[in-house]
Structure formats: C-alpha cells, structure tokens
Amino acid sequence: MSTPGLLLQTEQLSRIYPSGDGSITALHPFTHTFAPGLTAVVGPSGSGKSTLLNLLAGFDTPSGGAVRVGGTDIHTLGEAGRADFRLKHYGFVFQSHNLVAILSAQENVEFPLMLSGVPPRERRERARALLSDVGLEKRAHHLPSHLSGGEAQRVAVARALVSDPAVLLADEPTGNLDTRSGQVVLELLTRPARAGKTVVLITHDPDVAALADHHLRVRDGEVHAED
Ligand SMILES: Nc1ncnc2c1ncn2[C@@H]1O[C@H](COP(=O)(O)OP(=O)(O)O)[C@@H](O)[C@H]1O
Ligand SMILES: [Mg+2]
C-alpha cells in the first residue's frame, strides 16, 4: 500500500543571504530533476547542502527559481498550504531526532497522522506497524529520554515514513550516531528509495554516499550532478 512517487524538480533555484554590507550566494541557480531512489548530497562544510535541503523542504524561501513536487511549485502555496503539502508528501530526518520530549515513541510517530486528521485507531495501528519495521515495538511506550541515540533516531525515521511520503529529506541523519546505529538508520532510509520514493540524503560519509543511486556534489554553492 504505497502511493506512487511524485517528481521532485528544481528550476534555476537560488539563495542569496545578506551578510554585513554585502551578500553570500549560498546556492547558485540550480536546475535538476531528482530521479526516484536515493540521491546523496556531498560537499564540504559551509558549501550549501543544508541551504539546498531547506529550500527543497519549503522551510526557506528561494531568492530565485522554483521547487516543484509533482508539478506543484511549493513556494506558491502560502505558509498554511505548504505546511499541509509537507504533511502529505514529505518526510524529514535531521541530525538530531527532534522528537517531542513529553510524548512516547508511539505518540511521536502518530503525531503527523494526528495533524492530518487520521482517526485514532488507524493512526495507532500505522504507528505500531512502523515502530515494528524499525525494530522498536518493545520501546513504543518509552519517552525519548529513555531511548538510546540510535533508537531515538529510528523513531524519527518511523515518524518520517508513517505518512508514506513521496519525498524523504535527510540532513546528516547519522551524524550523531555510532557506526552500527548509523548503519541501521541508513538501511531504513534506503527502503523507501527501493520502493520508488525520492530520498535526498546529505552526508559527509563516503561509505554512505557509496550506497546511493545518484550523487550531487556541492562546492561554494554550486551543485553538480555526478551521475
Ligand atoms: N540563515 C543564514 N543567514 C546567512 N548565511 C547563511 C544562513 N544559512 C547559511 N548561511 C551561509 O550559507 C553558506 C552555506 O551554508 P549551509 O547550507 O549551512 O552549508 P552546509 O550545510 O553545506 O554546511 C555558508 O556560507 C553559511 O554561512
Ligand atoms: Mg549543513
């Protein structure tokens, strides 16, 4: 029960930040169609990787150009429309898990479904299934503070995937994890890619990049597709 992918595209997408008297071009105009599967984004610190991801997510507003998801220019939607669109079509995983501290693992995974108005029973079942997929059914009622870093990040992955999003964006999701936990989280992120979803993963780790189907290299705000 998986919705078909929606094509993620950028067209002359750019971002300029004001800086002192002048400005920094954090992203030079970038036109790209993200093929379904796993795209790794690599590049040195400060090169513009997070800037690109935040624009793809609609968290930040471009200085020029567009981001299209299934043909919809997300920046024409308005704030509320964009939030709704994100809830339906996107999943996010960040370097830190960003779980809600006062909610259990299960409630954290249910949270996006609650916001989309999924009835309680269905959202409980879906959250349980996802927690089981990430191997955490026994931790369902634990608070984030009672989980290891690796477990908390697996809950964050379950939360990102519970709405079966077409687009999954991850910004250094294994950056705070030990090698073994990082591998588990990565394995979980490659699954939707295999199922035809578009997964965009920022990483410093060459081993991680080696797992990807497609590669983008960012340098001084210029993005180049390597394959
Ligand atoms: N909100 C901001 N305001 C001003 N400059 C920013 C902002 N965010 C990022 N930058 C600048 O844009 C460039 C790219 O940053 P970033 O996308 O975070 O790089 P990366 O994720 O590759 O480490 C850097 O020079 C950074 O200082
Ligand atoms: Mg970054």
Side-chain angles (χ1 to χ4, degrees), residues 8-34 38-69 73-75 77-79 82-83 86 90-99 149-150 152-154 156-157 159-160 165 167-179 181-183 185-186 188-190 193 198-227:
L8 172 65
Q9 296 173 298
T10 65
E11 195 183 314
Q12 296 290 101
L13 181 68
S14 67
R15 183 68 167 101
I16 299 170
Y17 291 115
S19 162
D21 297 339
S23 60
I24 295 178
T25 302
L27 184 66
H28 290 274
F30 172 54
T31 300
H32 186 68
T33 296
F34 288 80
L38 181 61
T39 298
V41 181
V42 298
S45 187
S47 57
K49 304 182 298 297
S50 295
T51 298
L52 171 62
L53 208 83
N54 289 333
L55 292 168
L56 294 178
F59 293 142
D60 189 19
T61 306
S63 305
V67 174
R68 292 204 178 79
V69 178
D73 178 343
I74 61 167
H75 291 95
L77 291 174
E79 200 52 57
R82 198 154 49 246
R86 257 192 230 114
Y90 281 93
F92 302 99
V93 185
F94 303 97
Q95 184 162 5
S96 98
H97 56 69
N98 294 324
L99 298 176
Q153 196 62 314
R154 278 146 71 193
V157 172
R159 179 183 56 183
V167 176
L168 182 64
L169 303 178
D171 194 344
E172 307 201 25
T174 63
N176 285 333
L177 302 180
D178 62 77
T179 310
S181 300
Q183 278 170 350
V185 164
L186 274 177
L188 294 170
L189 294 175
T190 60
T198 299
V199 182
V200 183
L201 170 69
I202 294 180
T203 182
H204 273 308
D205 184 343
D207 291 343
V208 174
L211 285 174
D213 306 302
H214 316 286
H215 300 84
L216 294 177
R217 181 167 297 278
V218 190
R219 194 179 197 133
D220 297 333
E222 306 240 23
V223 190
H224 295 283
E226 297 198 318
D227 53 24

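Indexing begins at 1, ligand by ligand and atom by atom, following the structure's order.
For Thr31 and Glu11, the side-chain atoms include no donor-acceptor pair closer than 3.5 Å.
A donor-acceptor pair is defined here as one N or O able to donate and one able to accept, closer than 3.5 Å; no such pair exists between the side chain of Tyr90 and the backbone of Gly58.
The pair Glu222-Arg219 fails the salt-bridge criterion, with no side-chain N (NZ, NE, NH1 or NH2) lying under 4.0 Å from an Asp/Glu carboxylate O.
Between Ser63 and Ser14 the shortest side-chain heavy-atom distance falls below 4.5 Å.
The local environment of CG in Asp73 is crowded, with over 12 non-hydrogen atoms from other residues, nucleotides or ligands closer than 6.0 Å.
One finds the CZ atom of Arg15 at 7.0 Å from the OG1 atom of Thr61 (value rounded to the nearest 0.5 Å).
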Could you list each N/O atom of ligand 1 together with any protein N/O atom closer than 3.5 Å, one pair per line with the distance?
residue	atom	partner	partner atom	Å
ligand 1	17 (O)	Ser50	N	3.4
ligand 1	17 (O)	Thr51	N	2.8
ligand 1	17 (O)	Thr51	OG1	2.6
ligand 1	19 (O)	Gly48	N	3.2
ligand 1	21 (O)	Ser50	N	2.9
ligand 1	21 (O)	Ser50	OG	2.9
ligand 1	22 (O)	Ser47	N	3.2
ligand 1	22 (O)	Ser47	OG	3.4
ligand 1	22 (O)	Gly48	N	3.0
ligand 1	22 (O)	Lys49	N	2.9
ligand 1	22 (O)	Lys49	NZ	2.8
ligand 1	23 (O)	Gly46	N	2.7

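Taking backbone and side chain together, Thr51 holds no N, O or S atom under 2.8 Å from the Mg ion (ligand 2).
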